[in-house]
There are 2 protein chains.
Amino acid sequence: MNAEIISVGTEIVLGSTLNTNTYYLSKRLWEIGINVLYHTTVGDNPKLLEDVVNIGLERSDLLIFTGGLGPTADDMTKEVISKALGLKLELNKNMEDSLKDYFNQTNRLMSSNNIKQAYLPEGAKILTNEIGTAPGIYIEWKEKKLILLPGPPKEMELMFNKYVIPMIQQDYTIKIKTINTIGIGESTLETLLMDIIKDQDNPSLATYAKEGQVDIKIIAKGYEEEKVNILLEDIVKKVENRISKYIYSCDDETIEEIVFNKLKNKNMKIAFCESCTGGLVSSKFTQIPGASEVFERGIITYSNKAKIEEVGVSKKTLERYGAVSEQVAIEMARGLLNKTGVDITLSTTGIAGPSGGSSSKPVGLVFIGIATKEDSYAIKSIFAGDRKSIQNRAALKAFDELRKIL
Amino acid sequence: MNAEIISVGTEIVLGSTLNTNTYYLSKRLWEIGINVLYHTTVGDNPKLLEDVVNIGLERSDLLIFTGGLGPTADDMTKEVISKALGLKLELNKNMEDSLKDYFNQTNRLMSSNNIKQAYLPEGAKILTNEIGTAPGIYIEWKEKKLILLPGPPKEMELMFNKYVIPMIQQDYTIKIKTINTIGIGESTLETLLMDIIKDQDNPSLATYAKEGQVDIKIIAKGYEEEKVNILLEDIVKKVENRISKYIYSCDDETIEEIVFNKLKNKNMKIAFCESCTGGLVSSKFTQIPGASEVFERGIITYSNKAKIEEVGVSKKTLERYGAVSEQVAIEMARGLLNKTGVDITLSTTGIAGPSGGSSSKPVGLVFIGIATKEDSYAIKSIFAGDRKSIQNRAALKAFDELRKIL
């Protein structure tokens, strides 16, 4: 099955929006064994889009569209495709009701142009959008499959994984295992695994670098599930043996989820005292549903006054070593532990930049403090990048240190 | 002049490489007044590429190709295009010499397949590549312009700016203004501006929705700069008058930057007391360089115990109204103001979900409290979406309320 991904949106052809949807979809389609042959992008122009649809129908079996499903006048992907296929648009009563519900629940007024989202090409199936108003649409037409997804990446990805993958998956088995690593660069990791990467066609192994982390994706394919499982497990074991100390998950979890689960299983409570990360550690942690079961409180002691008042850092220590120091990191963590009575605390203090650095304390210098009833200590790191990267890497490192001690 | 950007590379259609070249080129072309109508991406396959070239020649005046100019067997952009245009490839002596020089200078051996890079379609011009071996090529053919650039972004960008821009630049002026709005949905906004949107071709006006916010982009073009400015300012004023209460910036700033600048100008200090946003408000704020000038501290009172101990919320209020209530939001903000002595405080308390909701207090319900020396109050909102969206929208709303009061 040959696929084409068609992105609809003037903001893309004008260069206001980077097209990450095609990247995401190509990767996911490749993982389930579908060849993508073309990407096409066109602005919100019905005539040009119609030509693109007709070219796509001629050369591809599976056409995946993103964008142009919203309520406004320039959203017309559905209308143009229906016209090109000769299908009528019909009002879908369920869809109309669920739109009304959505607006009622969120206490917003449904504007008259929202109703156009409740129209579907005849014979098409709805793909529910749980986090937005624009539903997806699935059309089968003369041996071709057309899938219409909304443009916002979060909505598109959720719907693609939940509804589209089961509809288009080929009948051989594909198993994917993602191994998440931290604390090792992509090229070093690749060098360590080079013989495994080179030797293998099935399973295939690829590395994907994210900020401060590298994921290893292992993909095994075949017609017999049993054999595919064995192929996959073999390689996973090899990789695990080779780089075990950098692996924090084999289930594609985030590092904060790992920390959350460890704390929950041990029935422990945690609190954070942040300076340079400015709330990012707490914010990442509280994105996890149920965080309140283990997270007791967070304090962002951005000023020295706050460090003294909130967690009892001594004025002397601040004067002697400066706010960005091992000693202050430890006092922050210990002070918060004493104050709250939780089982473990973590602190951050550093220089996120762009200014404020010196030769002895450069931009990127971060101390992470950890305190438990038995022990307290600090870890020194120097991170590269701009302010946002430094804050991000510091937060990742903080969770990695928690993972290690837990 | 209508343009099409054609990217050649199997790594892109397979999802191993994010296509940033089209994004870059679209933005640059748009800035110099050239309409990009299509992006097309195709793998390293001569037959498929030839079809793509033929489609491009039919619908576009300017075709910019990236990728497939290297020395290896699967690099065949130049060969396929020459074939499609019926042009012979000729050995270019200068090019051959400069290739030899390049390899001599960099002390590398020139492999026999490198010589294929010295062949040019008859009548074409060379675009020198100063940082790589693959030269660019410029072809004029039957009123059409074809430009072939290498795939590596650094080489492509350098050559595009140095050689291509002067060749294709139009002689008119383009001015852009972005108006940032909050608190109004895209479709409602469009309804309010419909007559302006419909009436106008130049300047053109388009809306771009981000989570919880909508940007309005206004673009004016013309041959006389003075007239273009007047055109633009006219529409900007019309839009401002129509929807002034939703506009938070006319300079494409983030809402937290607006709040930061207002606080800084008024020489005020702020502190946050977060519950449902879990540190996100503080984290967004401390991403701004220099945040410490106005941000004194943040407290994430996730547990009731923390709300009582840290900011003196009364046990009675918590029992009577629950943690998610107007009363608690106000007590959090007021308590933090008393504790820290800053000029203004903001609090959040709500139900981010996915669980914890009830019919009287559904998931998405958020109270934002604000306290100053003169006043304290809370605002009730209900946000849609998943946990992350609700936290995000609540943080945006928090900054918007600060903007209004400041």
Side-chain angles (χ1 to χ4, degrees), chain A residues 10-16 18-20 22-23 26-27 30 36-43 48 51 55 59 70-73 102 105-109 111 113-114 131 278-283 285-287 289 291-292 295-303 305-306 310 354-355 387-388 391, chain B residues 12-15 18-20 22-23 26-27 30 36-43 48 51 55 59 185-188 190-191 206-208 217 278-280 282-283 285-287 289 291-292 295-303 305-306 310 353-355 364 382-389 391:
Chain A
T10 301
E11 70 282 7
I12 305 173
V13 284
L14 289 189
S16 321
L18 175 64
N19 193 344
T20 56
T22 47
Y23 176 62
S26 288
K27 199 189 280 275
W30 179 78
V36 175
L37 294 187
Y38 307 95
H39 297 168
T40 304
T41 304
V42 63
L48 302 187
D51 291 345
I55 291 170
R59 67 187 179 188
T72 65
Y102 181 88
Q105 270 167 29
T106 56
N107 255 341
R108 292 190 294 155
L109 213 68
S111 76
N113 47 12
N114 275 106
I131 55 172
L280 187 62
V281 172
S282 305
S283 172
F285 202 70
T286 54
Q287 274 172 19
S292 58
F295 177 57
E296 207 273 330
R297 80 186 77 173
I299 302 187
I300 303 147
T301 53
Y302 224 54
S303 64
K305 183 164 170 272
E310 291 290 347
S355 62
R387 184 178 177 88
K388 218 172 155 179
Q391 290 178 326
Chain B
I12 305 173
V13 283
L14 289 190
L18 174 64
N19 192 344
T20 55
T22 48
Y23 176 61
S26 289
K27 200 189 280 279
W30 180 77
V36 175
L37 295 187
Y38 307 94
H39 296 169
T40 305
T41 304
V42 63
L48 301 187
D51 292 344
I55 291 170
R59 67 187 178 187
E186 190 180 18
S187 51
T188 317
E190 229 181 46
T191 311
T207 56
Y208 299 95
K217 211 163 240 179
L280 186 63
S282 305
S283 172
F285 202 69
T286 54
Q287 274 173 20
S292 58
F295 177 56
E296 208 274 330
R297 80 186 76 173
I299 302 186
I300 303 147
T301 53
Y302 224 55
S303 65
K305 185 165 168 272
E310 291 289 347
S355 61
I382 299 174
F383 300 107
D386 61 7
R387 182 178 177 88
K388 218 171 154 178
S389 289
Q391 290 178 328

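Note on naming: letters A, B, ... go to the chains in the order of the sequence lines (proteins, then strands), and numbering restarts at 1 for each one. All of these numbers come straight from a predicted model, not from anything done at the bench.
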Report the residues that fulfil side-chain hydrogen bond (donor to acceptor under 3.5 Å, both in side chains) with B:S303, sequence neighbours left out, ordered by chain and then residue number. A:E296
Any chance you could measure [X], atom [atom1], to [Y], atom [atom2], to the nearest 0.5 Å?
{"X": "A:I55", "Y": "B:I55", "atom1": "CD1", "atom2": "CD1", "value": "4.0 Å"}
{"X": "B:I299", "Y": "A:T301", "atom1": "CD1", "atom2": "OG1", "value": "10.0 Å"}
{"X": "B:H39", "Y": "A:H39", "atom1": "NE2", "atom2": "NE2", "value": "12.5 Å"}
{"X": "A:S26", "Y": "B:L18", "atom1": "OG", "atom2": "CG", "value": "10.5 Å"}

Counting heavy-atom pairs under 4.5 Å to chain A, which of [options] comes out on top?
{"options": "B:P289, B:A384, B:S292", "answer": "B:P289"}
{"options": "B:I12, B:D386, B:T22", "answer": "B:I12"}
{"options": "B:Q287, B:K217, B:R297", "answer": "B:R297"}
{"options": "B:E310, B:K27, B:R59, B:K305", "answer": "B:E310"}

Among A:D51, A:V13, A:T72, A:I131, the residue with the most heavy-atom pairs under 4.5 Å to chain B is A:V13
Most chain B-contacting option - heavy-atom pairs closer than 4.5 Å, from A:N19, A:T20, A:T40, A:T10: A:T40
If I measure from the heavy atoms of chain A, does B:T191 come under 4.5 Å with its side chain, its backbone, both, or neither? side chain
Interface moiety of A:S355 toward chain B, non-hydrogen atoms closer than 4.5 Å: neither
Side-chain contact, heavy-atom cut-off 4.5 Å: A:I300 with B:I300? yes
Close side-chain approach of B:L37 to A:L48, heavy-atom, < 4.5 Å: yes
Closest heavy-atom pair and its distance - B:E190, A:A73: OE1-N, 3.4 Å
A:Y38: partners by ring pair (Phe, Tyr, Trp, His ring centres under 6.0 Å), with sequence neighbours left out: none
